[in-house]
Amino acid sequence: MNDLEPSLLIDGRAVAPSRRAEVIDPADERPFASYPKATPEEIGRAVESASRAFPSWSRDEAKRRQALASCATSLLDAADRIAGLICREQGKPVGRARFEVENAARWFKYFAELEVTPEVVHRAADRVSTLHLRPLGVVAAIPAWNFPVALMAWKLAPALRAGNTVVVKPSPFTPIASLAVGHLLASHFPAGVLNVLPGDGDAGDALTQHADVRKISFTGSTATGRRVFASGAPSLKRVTLELGGNDAGIVLADADVAAVAEGIYNAAFVNCGQSCAAIKRLYVHASVHDRLVEALTAIAEGIRVGPGSDPQTQMGPISNAAQLARVEELLADTKRRGARIHTGGERLARPGYFVRPTIVSAIADDARLVAEEQFGPVLPILSFTDAADAVRRANDTTFGLNASVWTSDPEAATPVAAALDVGTAWINQHSAMTPFLPYGGAKTSGVGVEHGIWGLREYAQSQLIDVKLPAPR
Ligand code: NAD
């Protein structure tokens, strides 16, 4: 299989598509590959194949665990090849791309090893009630482009472990690595268990509206999430929606600036700021504000920005032209408002979607850069004098994905974290997802959770087996 001109994966086979489209390298703005752009009809064939594969796949748990363990091994064996593809189409530095493949392998290994047993939820002299998990059927898995391989694995591993079959629809911005992973892993599964078909809205609609799809697991923007939710409504599909966010970091007066600056920088500029779990606005106590701005500016100025394929690069380009346009629009608005830009603020004068890491202060809460999800390498820093006021401002958004509190006294800061209206409130860390802890958004940032046993349960129907015991003689 030519990685740069892949076929669809339907029913365990490489299927030549009826149409293709270009993939652009964000580091030079040139097309470097073509991908099979699935039609609604091809999506339909994949769902049929996944439906046929479901009955026998759902019955053999030992086989499923073995298959997931093999996926972890195959991903690690192919890590350099897959990382090269992620780096090329998505832009991140190749070392970070390799880390993403290792992360995907970690999820497969975790779900291969997770013990899942029926849970006795009630026991009395005359009654024993046990909760079992039954697989749902065909799952539609729709990841975003920012971590294409990790997000795909985060859905595949629990969905398959629970006994479902899957049709994955990768983003048209990152189809190449997703298809390479699909074809790589297909040999571990019976035909039809894993199907991969990249495409855009029409393919997405065909998948989420299909009557035989029982569950949708979606990661992407809140706008598309709403549409997907509505598509699933007529047939009451189960949904897990991991959506947009505008994560706040709150730095308390007692924080040690030298100790927290690097962690905050990395959390804000991870993946060029294109992470659902990036710090997207930072509220800093007035007593440490200027020192932290200075420390973050110094780190930003030392970062090597360049093509992800250069091993020296620490931050790659923004992933696609649409996302670059959005970041430039927010930067223009920030400048019009007279906010202070300490470093960065411009696109680099070279081909590729490069913007230097940008630190902004003296900006109002209602500025677009603060109020909206920027999804790019631009961090607005705001000042506060009262922690309760910082919490109120952090919560003043329709989003509710994550937030973090930075402090020298984690115990005293716990009530501050607990007052944040978010799915995950971190203390002295941010963006710290694991396969074994639940992750999901509050408010318009999502529905349900991924990861751990909690995530696995979302790919299953709970079934109560409730037994009346014979009266003792
Ligand atoms: P997006 O909503 O544009 O696209 C997400 C996916 O949906 C893509 O695969 C896309 O092709 C597909 N899609 C588009 N139209 C569709 C339709 N009509 N039906 C079904 N699928 C359709 O989002 P994006 O730009 O790829 O990703 C960025 C967004 O994702 C940000 O808002 C970010 O915060 C969010 N995100 C959230 C999480 C999380 O875990 N909460 C993780 C990563 C990214």
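Only heavy atoms go into these numbers, but all of them, side chains included; no hydrogens, no water, no symmetry mates. All ligand and atom numbering here is 1-based and tracks the order in the structure.
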Residues passing the ring pair (Phe, Tyr, Trp, His ring centres under 6.0 Å) test with H342, sequence neighbours excluded, are none
Please list every donor-acceptor pair under 3.5 Å in which a side-chain atom of residues 400-407 meets a protein atom from a residue at least two apart or in another chain.
from	atom 1	to	atom 2	distance (Å)
N402	ND2	D247	OD2	2.8
N402	ND2	Y439	OH	3.1
S404	OG	W406	NE1	2.8
S404	OG	H430	ND1	2.7
T407	OG1	D254	OD1	2.9
T407	OG1	D254	OD2	3.0
T407	OG1	D409	N	2.9

For R19, the side chain to side chain donor-acceptor pair (under 3.5 Å) test, sequence neighbours excluded, returns D202
request  = Taking only Lys NZ, Arg NE, NH1 and NH2, and the carboxylate oxygens of Asp or Glu, determine whether R161 and E113 approach each other closer than 4.0 Å.
outcome  = no
Please find out if less than 6.0 Å separates the ring center of W57 from that of F189.
yes
Report yes or no: is the cationic atom of K215 (NZ for Lys, CZ for Arg) under 6.0 Å from the centre of the six-membered ring of Y459, at an angle within 45° of the ring normal?
-> yes
Table of N or O contacts for ligand 1, cutoff 3.5 Å:
from	atom 1	to	atom 2	distance (Å)
ligand 1	2 (O)	S221	N	2.9
ligand 1	2 (O)	S221	OG	2.7
ligand 1	2 (O)	T224	OG1	2.8
ligand 1	9 (O)	P143	O	2.9
ligand 1	9 (O)	K169	NZ	3.3
ligand 1	11 (O)	K169	NZ	3.0
ligand 1	18 (N)	D205	OD1	2.9
ligand 1	18 (N)	R227	NE	3.1
ligand 1	23 (O)	S221	N	3.3
ligand 1	25 (O)	W145	NE1	2.9
ligand 1	26 (O)	W145	NE1	3.2
ligand 1	30 (O)	G220	O	3.3
ligand 1	32 (O)	E373	OE1	2.7
ligand 1	34 (O)	E373	OE2	2.6
ligand 1	41 (N)	L243	N	3.2
ligand 1	41 (N)	L243	O	2.8

